[in-house]
Amino acid sequence: MTTGEGVVIDDNMKAVLMVRERNVVSPTAFVEIVIWKVPVPVPASEHDFKYRLAFVMNGECIIRYDNEAGKGDHKHIDGGEVSYTFISMEQLIVDFMDDVESRMEA
């Protein structure tokens with residue numbers, strides 16, 4: 001069974017949506033945060049969260065943190081992709097928002 005968010009779950013397990021929010025940060029930009037608690041770690045991740053945090057400006061995704069299966073925790077910034085060291089969900093959000101604020105100030 002697969003959910004609409006790309007989280008694969010077994011018939012005996014359930015993924016639980018923890019956060020789904022979209023916040024407008026300017027007339028041309030928004031932040032979207034989607035976090036699932038999953039019964040087993042996504043392949044290449046060591047924690048029990050599946051997440052996608054995105055900063056979209058002028059219709060283009062400028063920053064995205066995610067942990068897709070096989071790649072583990074990483075972030076995309078201006079078209080590039082770099083590894084991300086996951087510490088906690090709270091730290092993930094802080095790091096993401098720091099990157100968003102830095103980009104908005106540029």
Under the side chain to side chain contact (heavy atoms under 4.5 Å, CB included) rule, collect the residues that match up with [X], sequence neighbours excluded.
X: E101; result: none
X: A69; result: V42, P43
X: D95; result: Y65, Y84, Q91

Residue pair [X] / [Y], side-chain heavy-atom distance below 4.5 Å:
X: E81; Y: K71; result: yes
X: V100; Y: V31; result: yes
X: R103; Y: D78; result: yes

Partners passing salt bridge (Lys or Arg N to Asp or Glu O under 4.0 Å) against [X] (at least two apart in sequence or in another chain):
X: D98; value: none
X: D66; value: R64
X: D99; value: K75

So which atom in [X] and which in [Y] form the shortest heavy-atom distance, rounded to 0.1 Å?
X: F55; Y: A29; value: CE1-CB, 3.8 Å
X: V38; Y: V40; value: CG2-O, 3.1 Å
X: H74; Y: Y51; value: N-OH, 4.3 Å

Going only through I, L, V, M, F, W and Y residues with side-chain contacts under 4.5 Å, is there a path from [X] to [Y]?
X: I33; Y: I63; result: yes
X: W36; Y: V16; result: no
X: V25; Y: L92; result: yes
X: M18; Y: F96; result: yes
X: L53; Y: V34; result: no

Identify, with sequence neighbours excluded, every residue that meets side-chain hydrogen bond (donor to acceptor under 3.5 Å, both in side chains) alongside E21.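 E21 satisfies side-chain hydrogen bond (donor to acceptor under 3.5 Å, both in side chains) with N23 only.
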Please name all residues satisfying ring pair (Phe, Tyr, Trp, His ring centres under 6.0 Å) with F49, sequence neighbours left out, ordered by chain then number.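 Here no residue qualifies.
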Check whether S26 reaches the backbone of T28 with its side chain - one donor and one acceptor, N or O, closer than 3.5 Å.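 Yes; judged by distance alone, with no hydrogens or angles, the pair exists.
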Listing request: all salt bridge (Lys or Arg N to Asp or Glu O under 4.0 Å) pairs with a residue in residues 34-45, at least two apart in sequence or in separate chains.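 As it turns out, the salt bridge (Lys or Arg N to Asp or Glu O under 4.0 Å) pairs with a partner in residues 34-45, which skip direct neighbours, are K37-D48.
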Side-chain ion pair, R52 and E68, N-O less than 4.0 Å: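 No, R52 and E68 are not salt-bridged.
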Transitive ILVMFWY cluster of F30 at side-chain heavy atoms under 4.5 Å: who else is in it?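 Listed partners: V56.
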